[in-house]
Each structure stands twice: as C-alpha cells, then as structure tokens.
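Whatever order the structure lists ligands and atoms in, that order sets their numbers, starting from 1.
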Amino acid sequence: MENLNMERVMADYPSFVETALSNRFIKHPEVIKLIAGLPAVFKAKELGLSAEGRSLHLIEWGQGPVKVFLWSQMHGDEATGTMALFDLINYLQLDKHSIALNDLSTRCTLYIFPMVNPDGAERFTRRNAQQIDINRDFLKTVSPEAKILKELQATIQPDFGFNLHDQLTLWSVNGTKRPATLSYLAPAFDEKLSNSPGRENAMLVIADMFDAVDSLLAGQIGLFDDEYEPRAFGDNFQLRGTSTILIEAGGLLNDGEKQEIRKYYFLSILSALNSIASKSYTQQKLDHYFSIPKNNKQIFHMLIHGVLLGDIEVSIGINYEEKPNLDGAGTTKTYVVQDIGDLDILSAYEVFQKPGATIKGDITLYEDANFDLLLGESIILSFKNGKLESKV
Ligand SMILES: [Zn+2]
C-alpha cells in the first residue's frame, strides 16, 4: 500500500462511506444486515451471543501472514469505531485501489469484530446488559462478551490489535485549547509503563498514523492518558504480545453524531494498516510518538466571558452531561455551571464574548444552568432548569 494517498482517499470518501450507519445510535440489526450482505471475499462467522442473546460476529479479510485484530464498541455508547470499520469494509471492496489493496491482502489478514457490546448499544449505555463494563472484565471475565473477546485474542494471536473507543468531548489537545477530536495510545502493560518490542511497534505505527492524519484534522489529535489499568483489554493484549493501539473519538464542533469524526477515524485505521503492511513504521522514531501532544482538559462546551455577577465581572464555563433516552435512540443534555472566575486561559466549543451582555437569572456553581444571556432586549442564549432553550 505504498502508494496510498490520504488526500485522494479523503476525496473519495463519500463514494464508500457506509450510509446505513448515520448516527451514534446504531443497533445490532443494522450491523447484522451489513454483515449478511458482505461479498464472499469476507469470511464472516458467528462467535456466540451477548448476555441478552444478540449474536456477535467476526469478519475475516486477506491472506497475509501479519494478523491484525480490530474490535469496536466494547462500550455500547461508543459507536464511532463501528462506523469507521464498516467504512473500511467498503473501502476494501473498491476496485480503483486494487494495487494497494492487493498489497494489504497479501501481507495482512484482518480480523474485524464490530460492536462487541450490542446490548449496551441497544440502550446507548457504556455497560452491557449485566451492568458490567466489559473493558474492566478481562481478569474475572464474568460477561459473555469479554469471554469471547479474550478467547479470540488467545486463538488468533494477532500481531497488531486495534481497540476502538470514544472519549469524553471535554478532552483537549495540550497547547492548542482545541478539542482532542481523536486520541491515540499504545496502552501500557504494567504499572511502570515499561516498554517492550511489541508496545514499541504500536508506538511506531501510531507515529505514522499521527503523521498521516494530524494535518488533515487541524492538529486536533492528542495522546490519550497513559495509565495502566490491569482489568482492561488493551493493557492485557499488549502484555500478551499483540501490539495494541487505542483510538478514541472525542468531539468536533457541530458534529454531535460524529459523522465527520468517523472519516478521520477511518483514515487513522487505514493509515495504520498501510504502515503495518508496508512496514514503514520500522523507519519511525519512538521520540516522535512521545512528541505527540498529550490530552488535557482545557475546554468547556460553552464559555461566556464578561458576565456581571453581582458587582464583579467573571467568565462562566458551562458543560453538558448526556443521558440516554429510554428508547436508546437519543440523549438528553443537561447543562451545568462548571466554573466561574478568570477562565481566560481556557477555551470552549462555543465562546460567547459580547460586550455589554447581561444575565437574567441565577448562576450557581455546579447547579443546572437556568438563565438568559441578553444583549439589550434580545436573548443570545437561554437555559431553563439545565435545558438549552435557545441559542443565537
Ligand atoms: Zn470506551
């Protein structure tokens, strides 16, 4: 895949994006339907059932010696990886990239396990139907989904693993005050954050991914928090010799359903596969991985400057929390006053800086937003009991 041109792939993206998946609330039947419709070049098999009896599936593609395992949506409310995997599956069927794809299929075999947690996806919750966080269940393995995922790694013994998640939209990229729209990490396999040849290969592939995608995404890629979690899958797969790469989808302005983010998520996976197939990662430097800016929390969802609170002028930081609706097909956002004071060093998805603007209502730290922001007589922003009523 040496001749992979990311800008051309990006321009072609609308021709292969999987349009059957168009928001974060995708469900098991949609995934099953796509798998059932796959051409014979993909070998799909049923792995077993979730706690509530939804089928779990593995899709195999390619004949190469380097085994690459990709799994998504261990957390049911983190659907971006699943969407990107089906974009990848469509991309793998394009004729016009046949030379590059032949290289990939002769050098690698892909094992794709989309939507590990369909019961969580049904409810749009992180946890499975047993209320278990599958990604904290590697050691005890009480959930059927964790058991299946763990056994797959032991059976396939993949060289590379892709652990596909979504992160909070409040992470930002250190030094930029912009959202960490994507984050990458080669998870640690011990408390000391030691290195091994396997973990280093994951770091080197990430360096290639970063080079391929960061400039396309305006520098909105960070390095995820590097903390060892003995119960998590990425950490344990890393320990067991699979060079494991974590990808996290964060936030992007005006992309609540992550339809723009999924494109960069797909491009990240594709560039990593290109790096693995061409072995270009062996030319990378570990320093480059460590030079990727870290994630921090320097953004709010909304930031209002120049607010008169009594007789002092302050800035107000507002964040929302999302709770899934009962049907699992949407969320309700509750806006909370997260900070008050000098917030000039921070930023937000939306910044309101209107000289002369006034507040009508109460502003209380950590309480639901319940006020109007007015410019003269007109309302710029209005919250009622934590709900966003209007925004100009
Ligand atoms: Zn997750």
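Scored by the side-chain contact (heavy atoms from CB on, under 4.5 Å) test, Thr141 finds Ala146, Lys147, Lys150 as partners (sequence neighbours excluded).
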Side-chain donor/acceptor pairs under 3.5 Å, residues 245-263, sequence neighbours excluded:
from	atom 1	to	atom 2	distance (Å)
Glu248	OE1	Gln167	N	3.3
Asp255	OD1	Lys258	N	3.3
Asp255	OD1	Gln259	N	2.8
Asp255	OD1	Glu260	N	3.1
Asp255	OD2	Glu260	N	3.0
Asp255	OD2	Ile261	N	2.8
Glu257	OE1	Arg24	N	3.0
Glu257	OE1	Arg24	NE	3.3
Lys258	NZ	Asp166	OD2	2.9
Lys258	NZ	Ala249	O	3.3
Lys258	NZ	Gly250	O	3.1
Gln259	OE1	Arg262	NH1	2.7
Gln259	NE2	Ser22	O	3.3
Gln259	NE2	Glu257	O	2.9
Glu260	OE2	Lys263	NZ	3.3
Arg262	NE	Tyr13	OH	3.4
Arg262	NE	Asp87	OD2	3.0
Arg262	NH1	Leu21	O	2.5
Arg262	NH2	Glu18	O	3.1
Arg262	NH2	Asp87	OD1	2.7
Arg262	NH2	Asp87	OD2	3.4

Would you be so kind as to tabulate the donor-acceptor pairs closer than 3.5 Å made by side chains of residues 358-366, with sequence neighbours excluded?
none

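Neither side chain, Asn296 nor Trp171, offers a donor N or O lying under 3.5 Å from an acceptor on the other.
Within the protein, the N, O or S atoms lying under 2.8 Å from the Zn ion (ligand 1) are His75 ND1, Glu78 OE1, Glu78 OE2, His165 ND1.
Applying the ring-ring contact (aromatic ring centres under 6.0 Å, His included) test between Trp71 and each of Phe113, Phe237, Phe162 identifies Phe237 as the sole match.
Environment of CD in Gln131: sparse, with no more than 12 heavy atoms of neighbouring residues, nucleotides or ligands closer than 6.0 Å.
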